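What follows is one structure encoded as structure tokens, with my remarks underneath.
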Protein chains: 2
Amino acid sequence: MSRLDTKQRILDAAEQLFARDGFHRTSLRAITSKAKVNLAAVNYHFGSKKALLEAVFERRLLPLNRTRKERLEEVLQNARKRGVRPEVRDIMRAFIEPTFRFRESEPGAQDFIKLIGRSIVTPDSTAKTVLLRFMKPILKTLSEALTEALPELPKDVLLWRLYFSIGALAHTMHLDKRFQFEPLNLKAETDVKSLTNMLITFVTAGMEAS
Amino acid sequence: MSRLDTKQRILDAAEQLFARDGFHRTSLRAITSKAKVNLAAVNYHFGSKKALLEAVFERRLLPLNRTRKERLEEVLQNARKRGVRPEVRDIMRAFIEPTFRFRESEPGAQDFIKLIGRSIVTPDSTAKTVLLRFMKPILKTLSEALTEALPELPKDVLLWRLYFSIGALAHTMHLDKRFQFEPLNLKAETDVKSLTNMLITFVTAGMEAS
DNA sequence: GTCTATACGATGATAGAC
DNA sequence: GTCTATCATCGTATAGAC
């Protein structure tokens, strides 16, 4: 079995299991048996369970955040060209839409988006620390863009509203075919596109509230 | 040592550790040594680790949700008396404000609110299942109140927006003295009252978006 | 009834021989 | 790269002291 195949298969298996059960509840035994590799292969290829998690994040987050950055810069440049402020809605769309686009585009990406969602909201976890390190640059870009769009809003209010938006987004990332939020009778039947639009409408209104 | 003391001390210790480390990462040994009771005391008094979690939820959630229910009914009755629709803002305030009031009122309550926050957003976890069972009635009351306030909004849009609001709320429940959201440079210095108001403003605008 | 001491079987991560 | 051994820790059960 080639070295590349082994690493890939471990990454795929880890991504699925971390998303389903969380980092700490996923055992290396579960990962390696799903990937059909030896138990010790993880430590050989990645060094540790935590380093494996970092590799899982890195593989998908680098391209996803590159897309987000391009779209954000596009929004800002268009506004500058036309001599107007960027629209909050366009900024939020530039950040949120790639999440769900990406989620539909690649096999395994859905598990990954779920993993991000659960990582960002789990306090003091290994996964959160690792994730935020990858997210810091794009979140800086995002908050700067919002400051251009809402210059009269006090900076701390803007940042808290962005924090609330991230909470709403993260909560929405858990969706999968089996999703349901039983207390509200919500089911996964809603198509992704209109769900994305509902979320963008929601956070835009929240950011722009007077 | 009296029976009551032992149970209380186990509940207090479990609440702190579940909030800090999550259900699965917290061992009974950690709980019993923190509570200074014998390892077997948990199984004796509660039956199992999961039953202990249920008891932790029950102790604080029953009074908290009773307060929420009273305040929601007050809002609805006032509106009916005056022959007008209830205001979304008042409804959201009736649900959210007790959370943070409660959080400041009792020692240990802050840990509990953190525990709820992390439980609601962790998919497929034991804690989420247990929590939602306790939350179902009050969430039903809340969604009915919102339907009265926003009768022209399609029901599924209303429910998704409520779902987003819960995400924003849950994300905000993690706050403690040591809280910081490093990528946005957010710190815990903001006082709870204005934070509560910011959150209410945010979700109200989101619910009312056109 | 309450609590303690201890043991059991399962599973955790990892190190070293090959 | 793999296999095996090892050792820590897990939740739970039980026998018996008070």
Side-chain angles (χ1 to χ4, degrees), chain A residues 1-57 59 115 118-119 122 124-130, chain B residues 1-59 115 118-119 122 124-131:
Chain A
M1 191 174 302
S2 86
R3 188 173 171 280
L4 244 170
D5 274 358
T6 302
K7 285 189 77 165
Q8 290 285 19
R9 286 222 306 285
I10 292 173
L11 284 171
D12 290 339
E15 182 170 77
Q16 284 176 52
L17 294 175
F18 286 157
R20 199 189 63 190
D21 302 326
F23 178 68
H24 287 99
R25 277 212 288 166
T26 302
S27 69
L28 290 180
R29 279 178 173 80
I31 293 169
T32 50
S33 81
K34 189 182 183 75
K36 295 194 176 95
V37 300
N38 185 271
L39 171 62
V42 169
N43 270 288
Y44 177 77
H45 283 294
F46 298 95
S48 71
K49 194 183 172 190
K50 184 178 172 183
L52 168 60
L53 178 70
E54 290 175 9
V56 168
F57 275 127
R59 176 170 68 153
L115 173 59
R118 76 178 293 157
S119 300
T122 305
D124 309 316
S125 75
T126 310
K128 182 174 186 176
T129 310
V130 173
Chain B
M1 194 174 302
S2 86
R3 187 175 172 279
L4 245 171
D5 274 356
T6 301
K7 284 189 80 166
Q8 291 284 20
R9 284 222 308 284
I10 292 172
L11 285 171
D12 290 339
E15 183 171 74
Q16 282 177 54
L17 294 175
F18 286 157
R20 200 190 62 189
D21 302 328
F23 179 68
H24 292 284
R25 278 212 286 166
T26 303
S27 68
L28 289 180
R29 285 169 175 81
I31 293 168
T32 51
S33 81
K34 189 182 182 75
K36 296 192 174 99
V37 300
N38 186 271
L39 169 63
V42 169
N43 270 285
Y44 176 76
H45 284 292
F46 298 96
S48 71
K49 191 185 175 188
K50 185 178 172 182
L52 169 60
L53 177 70
E54 290 174 7
V56 167
F57 276 127
E58 186 167 12
R59 176 172 65 153
L115 173 60
R118 76 177 297 155
S119 300
T122 306
D124 310 317
S125 75
T126 309
K128 182 175 185 174
T129 310
V130 173
L131 173 63

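Letters go in sequence order (proteins before strands), and every chain restarts at 1. On a predicted model such as this, the values are computed, not experimentally measured, just so you know.
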Would you kindly give the [atom1]-to-[atom2] distance between [X] and [N], to the nearest whole Å?
{"X": "B:Asp5", "N": "C:dT2", "atom1": "CG", "atom2": "C1'", "result": "13 Å"}
{"X": "B:Leu52", "N": "D:dT12", "atom1": "CG", "atom2": "P", "result": "10 Å"}
{"X": "B:Lys50", "N": "D:dC10", "atom1": "NZ", "atom2": "C1'", "result": "18 Å"}
{"X": "A:Arg25", "N": "D:dC10", "atom1": "CZ", "atom2": "C1'", "result": "14 Å"}
{"X": "A:Asp21", "N": "C:dG12", "atom1": "CG", "atom2": "P", "result": "11 Å"}
{"X": "B:Ile10", "N": "C:dT2", "atom1": "CD1", "atom2": "C1'", "result": "11 Å"}

Has [X] got a side-chain N or O lying under 4.0 Å from the OP1 or OP2 atom of [N]?
{"X": "B:His45", "N": "C:dT2", "value": "no"}
{"X": "B:Tyr44", "N": "C:dC3", "value": "no"}
{"X": "B:Asn38", "N": "C:dA5", "value": "yes"}

Readout for nucleotides 13-18 of chain C: B = base within 4.0 Å of protein heavy atom, S = sugar-phosphate only, - = neither; 5' to 3' it is BB----
Would you please name every residue forming a side chain to side chain contact (heavy atoms under 4.5 Å, CB included) with [X], sequence neighbours left out?
{"X": "A:Thr32", "value": "A:Val37, A:Leu39, A:Val42"}
{"X": "A:Ala40", "value": "A:Asn38"}
{"X": "A:Ser27", "value": "A:Arg29, A:Ala30"}

Margin query: Within the 4.5 Å heavy-atom criterion, are B:Lys128 and B:Thr122 side-chain neighbours or not?
Written below: no
Do A:Ile10 and A:Lys7 come within less than 4.5 Å of each other through their side chains, counting heavy atoms only? no
Main-chain N/O of A:Phe23 paired to A:Lys49 side chain as donor or acceptor, under 3.5 Å:
yes
When rounded to the nearest 0.5 Å, the distance separating CZ of B:Phe18 from NE2 of B:His24 is 9.5 Å
Residues passing the side chain to side chain donor-acceptor pair (under 3.5 Å) test with A:Arg59, sequence neighbours excluded, are A:Gln8, A:Asp12
Per-helix bend value, the helix from C:dG1-D:dC18 to C:dC18-D:dG1, C1' rotation axes over five pairs per end, 10° rounding, shows 10°
Heavy-atom closest pair (A:Ala127 atom, A:Leu53 atom, distance to 0.1 Å) is CA-CD2, 3.6 Å
